[in-house]
Novice: 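One structure coming up, written as structure tokens, with questions to follow.
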Amino acid sequence: MPREFSRIDRIGDQMQRELAQLIQREVKDPRIGLVTVNAVKVSRDLGYADVYVSLLSTEELDQESPEVKESLAVLTKASGFLRSQVGRAMKLRVIPQLRFHFDTLQGYSRKMDSLIKEAVGEKPAVSRDDDDSQEEPEQNV
């Protein structure tokens, strides 16, 4: 029976959990806002791990925002520390180099959601009629 997930996928999932905890608890730089690790994609040879992060903010952020650039720069500087901590926690022989990227998927999904709401409107897709309930009529016995 084949495995459901490959070893590379399992390593990526474990790295995502470890990095999320490490960034939240160990990286003490105030320039990093509230960072969420959305995904980690590890190369087949374990040479690189692409870490996709998003930032919690009240305004819409994109790749060119100064907050995003600053946070990615801080994470890139801390990548050596993070890499050593991940290697210690996961007990891997080869620890991938960490490359941080801003995840634009959330902004894209918000844009698509607003376009769908604009096209459909506030009307629900399925109408609910409370008066036309499908109850059995009462029978006199």
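FYI, side chains are in, hydrogens and waters are out, and symmetry mates aren't considered; it's all heavy atoms of this structure.
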Novice: With no hydrogens and no angle check, is any side-chain donor or acceptor of Ser114 less than 3.5 Å from a backbone partner on Lys111?
Specialist: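 Confirmed, Ser114 side chain pairs with Lys111 backbone.
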Novice: Enter the distance from Asp13:CG to Gln16:CD here, rounded to the nearest 0.5 Å.
Specialist: 6.5 Å
Novice: In Å, rounded to the nearest 0.5 Å, how long is the span from CD1 of Ile23 to CZ of Phe100?
Specialist: 5.0 Å
Novice: Measure the spacing between CG of Leu46 and CZ of Arg44 and express it to the nearest 0.5 Å.
Specialist: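 Result: 11.0 Å between the selected atoms.
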Novice: Name all residues meeting the salt bridge (Lys or Arg N to Asp or Glu O under 4.0 Å) criterion together with Arg31; count only those two or more places apart in sequence or in a different chain, and write none if there are none.
Specialist: Asp29
Novice: Can you name the one residue among Asn38, Thr104, Val68 that meets side-chain contact (heavy atoms from CB on, under 4.5 Å) with Ser54?
Specialist: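 The side-chain contact (heavy atoms from CB on, under 4.5 Å) with Ser54 is passed solely by Asn38 among Asn38, Thr104, Val68.
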Novice: Would you please test Ile11 and Met90 for side chain to side chain contact (heavy atoms under 4.5 Å, CB included) and show each step?
Specialist: CA-CA 9 Å; Ile11 288 173; Met90 292 180 61; 4.0 Å; yes
Novice: I'd like to know whether Val40 forms a side chain to side chain contact (heavy atoms under 4.5 Å, CB included) with Leu98, so could you lay out the CA-CA distance, the side-chain angles of the two residues, the decisive distance to 0.1 Å, and finally the verdict.
Specialist: CA-CA 9 Å; Val40 176; Leu98 301 176; over 6 Å; no
Novice: Is there a side-chain contact between Gln97 and Arg83 in this structure, where contact means two heavy atoms from C-beta onward sitting under 4.5 Å apart?
Specialist: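 They are in contact (side-chain heavy atoms under 4.5 Å apart), so the answer is yes.
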Novice: For Arg99, what residues pass the side-chain contact (heavy atoms from CB on, under 4.5 Å) criterion, not counting sequence neighbours?
Specialist: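 For Arg99, the residues satisfying side-chain contact (heavy atoms from CB on, under 4.5 Å) (neighbours in sequence not counted) are Tyr48, Asp50, His101.
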Novice: Work out which heavy atom in Pro96 is nearest to a heavy atom in Val94; give both atom names and the distance.
Specialist: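 The pair with the smallest heavy-atom distance is CD-O, 3.8 Å.
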Novice: I'd like to know if Phe102 and Tyr52 are part of one continuous hydrophobic network [Ile/Leu/Val/Met/Phe/Trp/Tyr, side-chain heavy atoms within less than 4.5 Å].
Specialist: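 No.
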Novice: Working to the nearest 0.5 Å, report the span between CG of Leu19 and CD of Gln24.
Specialist: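 Here the rounded value is 12.5 Å.
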Novice: Closest approach of Leu55 and Ser71, non-hydrogen atoms and distance?
Specialist: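 Between these two residues, the closest heavy atoms are CD1-OG, 3.7 Å.
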Novice: Supply the atom-to-atom distance Leu22 CG to Arg17 CZ, rounded to the nearest 0.5 angstrom.
Specialist: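 One finds 13.0 Å between CG of Leu22 and CZ of Arg17.
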Novice: Output the distance between atom CG (Asp103) and atom OG1 (Thr36), rounded to the nearest 0.5 Å.
Specialist: 10.0 Å
Novice: Given the rule that I, L, V, M, F, W and Y join up when any side-chain heavy atoms are under 4.5 Å apart, are Ile8 and Met15 in one cluster?
Specialist: yes
